[in-house]
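Data block below; observations after.
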Amino acid sequence: MISQLSAPRPLIIRILLACVLALTARPAAATPAPSELPDDLTPIYVIQGDGPSTPLSRKRVSTFGLVIGVQSNGFYLQDPTGDDDPATSDGIFVYTSSAPRVKAWECVLVRGAEATEYYEKTELTTPRSIEPLPSELCGSGFSVPLAPLPTPNVDPESLLEPFEGMLVAIEELQGVVQGPTKRFSNGNVEIALIAEQALPFVQGGRVFQSNPDDAAGLIFLGNGLGAELPAAAWGDRVQVRAAEPGVAALAVVDYSFGKYLLLPLPGEKIQVVSRHESKEQTAQPDAGAFRVCSFNVLGLGRGLDQLRDATDYEAALHQRAAAIAGGLQHCEIVGLQETGKPEDAENLARVLTEVSGLEYSAVAFAGPGTASPDFPLTNSLLIRDDRVTVLNARNEQACTRFSFSVRLVPGQCPARLLPLFSRPPLVADLLVRGPWGEDYPLTVVVNHWRSKRGDESVNVVHRTLQAEHAASIVQARLDTDPDAHVVVLGDLNDFEASRPVETLRHGPEPADGAAREPGHVLLWHAFDSLPLLERYTYIFNGGSQTLDHLLLTPGTVPDFGGMDIAHINADFPIAEPNGTEGVPGDPAVYGSSDHDPLVLTLRPGGGAWIAGSAQIPNTPVELVDSAGTAVARTESDALGEFRFFDLRPGAYSLHFALPEQITLLPPAGDSDGPSAAVFPVKVERGRATVVELSARDRRADVGAASALFSIFYGVESAEQADGSAP
């Protein structure tokens, strides 16, 4: 049993403690007598070696040690004394494929196992035998070092690789959740967090996939050894404590698919000590505007690996319908990804009509992915019948000479060519009714590109070809009508600056090898209007990232009224239908998918908006019209950014609730203006308004505090920007 904590190796200085904690005062383990063990043993620390990979790869070895944790397909084994070398781990995972016949704290001998690397995790596999040993051969005590917890800007491998497979102690770990509780089909549960002491070093308090320095500080908790993990959402504070008061919590350091995990022992306590209050609310525009939305509805089908039970399926339909009616405020046009078959979109329209009291219709056509018996997927579209008419709709498949393992559909491609899309783009020509006069023509292209699963070097080529095809659909429309209103949306499974998304934005390179025309932009990305901290739709391994996108043609940009990513899913654990744990407010609205929906507001005849970067966080900002009436309120985010969307033309003023010591300065070159917390702005139709302000802290020395507060607005019209950005 565990009887002593000591430090068999020096630890790297961390934000948390880097000292040794004594659990009890029992003597250290005694070295077993060599005559009592086989002569051909290889100590675990020799198998692990002093690098990331075993030096004995593919060699058969025998070893012994104490079982420190048991999983469903193997167990963790640790040398009872270690070698006091800080570069080598004393623990290792023994893979048995099925449930092992060992128990925690047993002394066992593993004979004839192969030393391997499984996705860079050192393991012993296919052992010829696992035999119990007398407990005294593993000694009467056990040394447990304090875990060196990850911190921003420090490579996790340098900290944790020397502890891979070992039992470690965790003292006073309280962290802020970055990746909500994630439950896998095999029963595993994970939570990603940042130690609370490290949070001030993470810009804006949120870890983004695009910032590897911040991501290095992520700590991953898992339930692989039987500890219970709570349902936690982004921003919640989670505490890890020992089952017994006054001692350190114990966990095994695991490595799994590119990340190190702490697996607390059964009985150790992981609990949410405070909840982050969600302020997410999507505004509902008046009748003079309408919205186009995108929503990945997370396997809403009846496939073998989806919602096979009829009761669960019906509950999931109501859950997604509630998210559209409440979270998306009855969006008029909703592009859907991950409906199983066309009838699933029709069923969702039926339930949404019941939930919202508004008539919705579905548009969907079967594609190659529809035929999967396990996980059918089909792009779909929902429209509100009171506002939208469908003129024409179809799937637009592309064919290629390359094979991407897309299911063949007879007659879909000519001989010797293969289909490019498992989920072909759904292209719909629509008319939208409203008080603006003539019906507004709009083409919506719903996409769901190749997943990131598998070989990403192949995936990115596939997605780039898919991007070229989607761009060609748009270009064909613009060739006919340069002012055509086209919105391209969906789960593109790639990031904003990725090659596929950039290909969609700018169009493919000319076939003759010539460079693109300088400044050529095929589509404007609506995310360019958003604050940086808002630009995420998905969280993977604790890193917030953008996988879902929405882009507009130049002719649509003058009608841009606003963009919102409805953060009602990615920050929260997936909610079971009718479940409530771990989600705020109305449980039906939150956690219905792992992707956040997108909401675009269009105002025919001209939209207008204001965007600012205050550089002073969490500052209330009020927009007041010329009559002195407050028409909108918001608060700057953790980076000081704020937005006012969907405005009417006219004169306004921005009112900032500044800290007492802060004063606003007029724009550069306007030295006659007074310092104030109120600044006039003029909003024009079809334009974004641009102003620069700065602020000064009166407590600072003269000249020492500039650029504490900057506000940047767009001043160019869509015509001046050549359709690039408003």
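You'll find the side chain of Q306 reaches within 4.5 Å of the side chain of L377, heavy atoms only. In this structure, the side chains of H469 and L465 stay at 4.5 Å or more apart for every pair of heavy atoms. With a 4.5 Å cut-off on side-chain heavy atoms, V388 and L431 do not count as touching. Looking at P424 and P368, their side chains come closer than 4.5 Å, going by heavy atoms from C-beta outward. No side-chain heavy atom of Y95 sits under 4.5 Å from any side-chain heavy atom of Q71. In this structure the side chain of N379 never reaches within 4.5 angstrom of the side chain of L336, judged on heavy atoms. The side-chain heavy atoms of L262 and F220, taken from C-beta on, include no pair separated by under 4.5 Å. Put simply, the side chain of N541 does not reach to within 4.5 Å of the side chain of L218, judged on heavy atoms.
Applying the ring pair (Phe, Tyr, Trp, His ring centres under 6.0 Å) test to residues at least two apart or on different chains, the pairs with a partner in residues 395-416 are F404-H462. Residue pairs meeting the disulfide (SG to SG under 2.5 Å) criterion with at least one member in residues 313-406, sequence neighbours excluded, are C293-C331, C399-C413. Contacts classified as salt bridge (Lys or Arg N to Asp or Glu O under 4.0 Å) and involving residues 323-332 (residues at least two apart or in different chains) are given here: R291-E332, E332-R384, E332-R387.
Judged purely by atom type and a 3.5 angstrom limit, H525 has no side-chain atom pairing as donor or acceptor with the backbone of L551. Side-chain atoms of T96 come within 3.5 Å of backbone N or O of S98 as a donor-acceptor pair. A distance-only check finds a donor-acceptor pair linking the side chain of Q319 to the backbone of A575 [under 3.5 Å]. A donor-acceptor contact shorter than 3.5 Å links the side chain of D344 to the backbone of K341. Although no hydrogens or angles enter the test, the distance criterion places no donor-acceptor pair under 3.5 Å between the side chain of T353 and the main chain of E359. Remark: side-chain polar atoms of T503 are not paired, donor with acceptor, to backbone N or O of T464 under 3.5 angstrom. Using modelled atom types, no side-chain atom of Y260 and backbone atom of P150 make a donor-acceptor pair closer than 3.5 Å. Without hydrogens or angle criteria, T553 side chain to V486 main chain gives a donor-acceptor distance under 3.5 Å. Judged purely by atom type and a 3.5 angstrom limit, N447 uses its side chain to pair as donor or acceptor with the backbone of V445.
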Exercise for the section: List the steps and the verdict of side chain to side chain donor-acceptor pair (under 3.5 Å) for H567 and E534. Expected result: CA-CA 9 Å; H567 297 302; E534 291 294 309; 3.2 Å; yes
Practice task
List the steps, then state whether side chain to side chain contact (heavy atoms under 4.5 Å, CB included) holds for E123 with V94.
Solution key: CA-CA 6 Å; E123 294 184 346; V94 182; over 6 Å; no
Practice task
Evaluate side chain to side chain donor-acceptor pair (under 3.5 Å) for S294 paired with D548, printing each intermediate quantity in order.
Solution key: CA-CA 8 Å; S294 179; D548 307 81; 5.2 Å; no
Exercise for the section: Take S372 and D374 through the test side chain to side chain donor-acceptor pair (under 3.5 Å) and record every step on the way to the result. Expected result: CA-CA 6 Å; S372 169; D374 299 321; 5.1 Å; no
Exercise for the section: Would you check, one step at a time, whether the test side chain to side chain donor-acceptor pair (under 3.5 Å) holds for D596 with N569? Expected result: CA-CA 5 Å; D596 282 332; N569 290 328; 4.7 Å; no
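More than 12 heavy atoms of other residues, nucleotides or ligands lie within 6.0 Å of CZ in F184, so this atom counts as buried by the packing criterion. Other residues, nucleotides and ligands contribute over 12 non-hydrogen atoms within 6.0 Å of the CZ atom of R394. For E120, the CD atom counts as loosely surrounded, since its 6.0 Å shell holds 12 or fewer non-hydrogen atoms of other residues, nucleotides or ligands.
The aromatic rings of Y538 and F540 lie parallel to each other, their planes meeting at an angle below 30°, with 60° marking the opposite boundary.
By the 4.0 Å N-to-carboxylate-O rule, K452 lies close enough to D494 to be salt-bridged with it. Residues R350 and E346 are not paired through a salt bridge, judged by the lack of any N-O separation under 4.0 Å between the basic side chain and the carboxylate. Look at E314 and R320 and you find no salt bridge, because none of the NZ, NE, NH1 or NH2 atoms lies under 4.0 Å from a carboxylate O. Taking a cutoff of 4.0 Å between a charged side-chain nitrogen and a carboxylate oxygen, R477 and D429 qualify as a salt bridge.
A cation-pi arrangement is present between R206 and Y536 under the rule of less than 6.0 angstrom and at most 45 degrees off the ring axis.
With rounding to the nearest 0.5 angstrom, the CZ atom of R450 is 10.0 Å from the CG atom of L420. Atoms CG and CG, on L352 and L358 in that order, are 8.0 Å from each other to the nearest 0.5 Å.
In this view, D254 and K121 satisfy the salt bridge (charged side-chain N to carboxylate O under 4.0 Å, His left out) rule, not counting sequence neighbours. For S451, the side chain to side chain contact (heavy atoms under 4.5 Å, CB included) partners are R453, N493, not counting sequence neighbours.
Here the shortest heavy-atom pairing between N223 and G187 reads ND2-O, 3.2 Å.
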Which pairs of donor and acceptor atoms, one on a side chain in residues 226-234, lie under 3.5 Å apart (sequence neighbours left out)?
| unit_1 | atom_1 | unit_2 | atom_2 | d |
| --- | --- | --- | --- | --- |
| W234 | NE1 | Q178 | OE1 | 3.3 |

